[in-house]
Amino acid sequence: MINSLSANNRTSAVKAKYKEFSDKYIVPVRKRHDEEGSFPHELMAAAWESGLFNGPVPTVYGGRGLTWTECAAASEELGAGCAGIGITIDTHSLACMPILLAAEEQQKKILFKRIIEKRLIGAFCLTEPDAGSDIANLKSTAVSSGSGFILNGRKRFITNGEISGFHLVFAKTEPTEGTRGISMFFVPSDAPGIKIISRMDKMGQRAAVQNEIEYHDVNIPIEYLVGKRGEGFKTAMNTFNRTRILIAALALGNARAAWDYAADWARHRIQFGKPVTANQGISFKLAEMRTEIEASRLLIQNAAFAIDHNTENQALFSSMAKYYATDKAMRITEDAIQVMGGEGYSKEHPVEKMMRDAKLCQIYEGTNEIQKVIISKNISG
Ligand SMILES: Cc1cc2nc3c(=O)[nH]c(=O)nc-3n(C[C@H](O)[C@H](O)[C@H](O)COP(=O)(O)OP(=O)(O)OC[C@H]3O[C@@H](n4cnc5c(N)ncnc54)[C@H](O)[C@@H]3O)c2cc1C
């Protein structure tokens with residue numbers, strides 16, 4: 001039904017669909033999963049069943065065929081429900097993108113048939129102990145063997161690692177060639193030689209899982225080399241130009257939910273015989289927060305438009321949206337606590353969780369310092 005609607009109506013329909021799921025299924029369980037640090041397996045099965053996964057995957061491969069404007073609207077609603085739950089779905093999109101961007105047509109058909117039919121959630125395996133911002137410093141290797149490659153290495157902070165059905169792994173096929181020596185591989189999670197070393201215990205987004213993973217002599221058939229040898233770095237950058245929009249939108253949704261909650265609370269909190277919103281100290285804060293929420297959304301829509309219409313400055317706009325929206329989300333969620341005083345700090349309300357969840361968006365998929373490096377490069381030409 002969504003396919004037959006005009007662009008604006010389509011975006012509204014996508015937004016409404018994700019909001020409905022978020023309000024009905026995510027919001028009621030987010031506190032429990034945050035407290036327990038537990039992964040919501042049943043919820044994810046329901047999300048797949050409801051068509052919330054595979055947003056950017058074209059319908060011809062069995063996906064939802066959403067534009068990036070629609071994907072951003074979807075991610076905002078996931079973030080408004082729970083960024084920790086939403087990131088699992090967004091990370092699956094992250095793992096699918098290199099296949100969409102770099103694989104041959106036939107390879108796309110084969111891999112997505114497998115992903116969709118078997119409902120395989122993806123993990124994007126790039127970061128290593130010695131290669132975070134500095135991706136060129138990857139130590140993992142994929143050495144040619146007669147029938148394909150042998151993968152060895154260690155990956156760190158891998159979202160969805162232990163619950164995934166496939167890993168999209170970056171490794172050096174030409175170790176001396178820096179960024180041009182990086183290739184990508186589709187690796188089924190049950191391939192012999194893959195070991196989950198540990199699960200990260202962390203501050204926020206606690207419903208999501210992150211793992212350190214070891215690959216020891218993992219056999220990879222030649223047909224699981226995604227795209228061409230040496231194209232991994234370029235494809236990772238093209239992927240991030242798109243998926244950073246999802247992180248920005250996830251942060252925006254989280255910030256919006258914190259604002260809604262704090263503003264509603266402040267309207268009803270009476271001190272000195274009047275609502276606390278009657279003080280400019282509070283109402284100005286809420287006014288600034290609300291303005292920054294709208295500004296974030298416009299930057300996100302600007303970046304999504306550039307991708308959807310293949311216009312110039314895709315990397316620039318995407319980095320601007322990611323840095324601005326996630327930095328503002330951090331401040332907005334912190335101010336939401338301040339607006340609520342002691343109540344905001346209490347776990348009886350969701351805003352302290354929202355502040356903890358906001359922090360991570362400034363770090364993953366390239367820290368905000370790295371976003372400013374990208375923006376600066378555009379300025380200096
Ligand atoms: C919870 C979580 C989930 C994650 N999920 C994934 C995932 O699914 N897949 C994956 O591959 N990775 C994932 N990551 C890794 C994430 O992308 C990296 O943590 C991030 O890119 C930063 O790398 P780093 O932590 O090694 O920091 P470092 O690169 O060590 O940076 C440390 C500090 O130095 C700054 N810095 C570094 N270089 C520069 C520079 N040139 N200019 C200015 N400042 C600089 C950084 O901004 C940062 O503040 C995840 C991380 C976390 C914490």
Side-chain angles (χ1 to χ4, degrees), residues 33-34 37 39 79 82-98 121-140 151 153-172 179 182 184-185 187 189 194 196-215 226 232-233 235-237 239-244 246-248 250-251 254 318-319 322-323 326-327 330 356-380:
H33 289 292
D34 174 59
F39 185 78
C82 173
I85 291 173
I87 192 58
T88 296
I89 298 173
D90 283 346
T91 298
H92 173 75
S93 297
L94 172 69
C96 290
M97 278 320 294
I121 294 179
F124 182 89
C125 307
L126 178 61
T127 303
E128 298 183 358
D130 293 326
S133 303
D134 184 9
I135 296 167
N137 200 34
L138 289 189
K139 298 283 187 289
S140 294
L151 172 67
R154 189 178 275 243
K155 296 289 176 181
R156 189 159 166 77
F157 300 144
I158 302 305
T159 303
N160 293 351
E162 69 185 67
I163 61 93
S164 69
F166 76 94
H167 298 189
L168 197 290
V169 181
F170 292 79
K172 286 256 173 93
T179 53
I182 299 172
M184 303 177 297
F185 301 90
V187 186
S189 303
I194 299 182
I196 302 288
I197 303 287
S198 60
R199 182 197 281 195
M200 184 187 196
D201 190 9
K202 61 190 190 298
M203 171 184 174
Q205 301 197 16
R206 289 172 50 76
V209 290
Q210 277 80 22
N211 302 101
E212 183 145 352
I213 305 174
E214 187 181 79
Y215 301 89
V226 175
F233 181 79
T235 308
M237 295 304 113
T239 294
F240 288 143
N241 289 348
R242 291 157 175 79
T243 55
R244 280 175 182 148
L246 302 183
I247 302 302
L250 196 75
N254 184 38
S318 161
S319 286
K322 200 268 183 184
Y323 135 64
T326 62
D327 269 13
M330 190 66 235
R356 288 184 285 108
D357 287 355
K359 184 66 207 167
L360 184 52
C361 294
Q362 295 177 300
I363 296 172
Y364 55 25
E365 291 201 30
T367 63
N368 283 1
E369 288 75 23
I370 293 301
Q371 305 315 310
K372 289 179 204 173
V373 169
I374 295 169
I375 297 165
S376 304
K377 277 186 182 158
N378 267 272
I379 292 165
S380 63

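Note that ligands are numbered from 1 as they come in the structure, with each ligand's atoms numbered from 1 the same way.
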### Query
Sub-3.5 Å donor-acceptor pair from the side chain of S318 to the main-chain atoms of N241, do we have one?
yes
### Task
Sequence neighbours left out, what passes salt bridge (charged side-chain N to carboxylate O under 4.0 Å, His left out) with D327? Give chain and number order.
none
### Query
Any side-chain heavy atom of H92 sitting closer than 4.5 Å to one from I89?
no
### Task
Look at the side chain of K322 and the backbone N and O of G366, then say whether any donor-acceptor pair between them is shorter than 3.5 Å.
yes
### Query
Out of D357, I85, D34, which one pairs with R206 under the side-chain contact (heavy atoms from CB on, under 4.5 Å) rule?
D34
With the criterion set at N/O pairs under 3.5 Å, what does the list of contacts between the protein and ligand 1 look like, atom names and distances included?
from, atom 1, to, atom 2, distance (Å)
ligand 1, 5 (N), F157, O, 2.8
ligand 1, 5 (N), T159, OG1, 2.8
ligand 1, 8 (O), T159, N, 3.0
ligand 1, 8 (O), T159, OG1, 3.3
ligand 1, 9 (N), F124, O, 2.8
ligand 1, 11 (O), F124, O, 3.4
ligand 1, 11 (O), L126, N, 3.0
ligand 1, 11 (O), T127, N, 2.8
ligand 1, 11 (O), T127, OG1, 3.2
ligand 1, 12 (N), T127, OG1, 2.6
ligand 1, 23 (O), S133, N, 3.4
ligand 1, 29 (O), S133, N, 2.9
ligand 1, 29 (O), S133, OG, 2.7
ligand 1, 47 (O), T367, OG1, 2.6
ligand 1, 47 (O), E369, OE1, 2.7

### Message
For a quick test of reading the model, state the closest non-hydrogen atom pair linking T88 to N160 and the distance between them.
### Response
O-ND2, 3.2 Å
